[in-house]
*Asks:* 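Shown below is the structure under consideration.
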Amino acid sequence: MDDKLFYEDGLRFSCQRCSVCCRGGPGFVFLSKTDAQGIAKSLDMPLHEFIQVYCRWVEWDDGTRLSLKEKISLDCVFWKDGCLIYEVRPIQCRTYPFWDSMLESEETWRSASAYCPGTGKGDVISKTVIESCLELDRSTPVIMKTDI
Ligand code: SF4
């Protein structure tokens, strides 16, 4: 039986606006070309300057990826009493918490409530919406150092 069938009838999720996913701990926000271009445009910066000021290179399984920087506090570089780039936030942020890693099994989804209190709360998000998040993540390449 496919493990992912556990969300056949959807999953409850309602963001509690706690910002735990954006601050106070180490993490990576990998960027697609569209993400980076959209954020740079919103900041009225050339893409290369945006990368220099707000991004860092991270060694990953598949090579060196571009991620947003973190502050010394480990908050996202764009977090200040909320997301400063919410309208143009990266796909990784838009699709959270419906990531492959969170939906590997019913157990991984349940354990996600330890770091995302929105899971298990609110309205049911349909399987179709969940799978569209997964598909968007899977089908959108992130920027690799070899691309620049
Ligand atoms: S951790 Fe979950 S509930 Fe909190 S802000 Fe992030 S998505 Fe919303």
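Just so you know, ligand 1 is whichever comes first in the structure, and atom 1 is the first atom listed for that ligand. In this chain, numbering begins with 1 at the start of the sequence shown.
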*Asks:* Is the backbone of Met102 close enough, under 3.5 Å, to the side chain of Thr108 for a donor and an acceptor to pair up by distance?
*Replies:* yes
*Asks:* What atoms of ligand 1 come within less than 4.0 Å of a heavy atom belonging to Cys21?
*Replies:* 1 (S), 5 (S), 6 (Fe), 7 (S)
*Asks:* Please write down residue, atom name and distance for the protein heavy atom closest to atom 3 (S) of ligand 1.
*Replies:* Gln16 N, 3.1 Å
*Asks:* Using a strict 4.0 Å cut-off to heavy atoms of Gly118, name the atoms of ligand 1 that fall inside it.
*Replies:* 3 (S)
*Asks:* Measure the distances from the heavy atoms of Ser19 to every atom of ligand 1 and state whether one is below 4.0 angstrom.
*Replies:* yes
*Asks:* Hey, which atoms in ligand 1 end up nearer than 4.0 Å to a heavy atom of Cys116?
*Replies:* 1 (S), 2 (Fe), 3 (S), 7 (S)
*Asks:* Are Asp100 and Arg138 within salt-bridge range, i.e. N to O under 4.0 Å?
*Replies:* yes
*Asks:* Is there an N/O/S atom in Cys15 that lies less than 2.8 Å from atom 2 (Fe) of ligand 1?
*Replies:* no
*Asks:* Which atoms of ligand 1 are found less than 4.0 Å from any heavy atom of Tyr115?
*Replies:* 1 (S)
*Asks:* In ligand 1, which numbered atoms sit nearer than 4.0 Å to a non-hydrogen atom of Tyr96?
*Replies:* 7 (S)
*Asks:* Is Cys18 close enough that one of its N/O/S atoms sits under 2.8 Å from atom 8 (Fe) of ligand 1?
*Replies:* no
*Asks:* Any salt bridge linking Glu70 with Arg23? Criterion: basic side-chain nitrogen under 4.0 Å from a carboxylate oxygen.
*Replies:* no
*Asks:* Test your reading of the model: is there a side-chain donor-acceptor pair from Ser67 to the backbone of Val29, 3.5 Å cut-off?
*Replies:* yes
*Asks:* Parallel, tilted or perpendicular for Trp99 and Tyr96, by the 30°/60° rule?
*Replies:* perpendicular
*Asks:* Pick one: which of Phe13, Phe6, Phe98 meets ring-ring contact (aromatic ring centres under 6.0 Å, His included) with Trp109?
*Replies:* Phe98
*Asks:* I'd like to know if the side chain of Glu131 pairs up with that of Tyr7 as donor and acceptor (distance under 3.5 Å, no hydrogens or angles considered).
*Replies:* yes
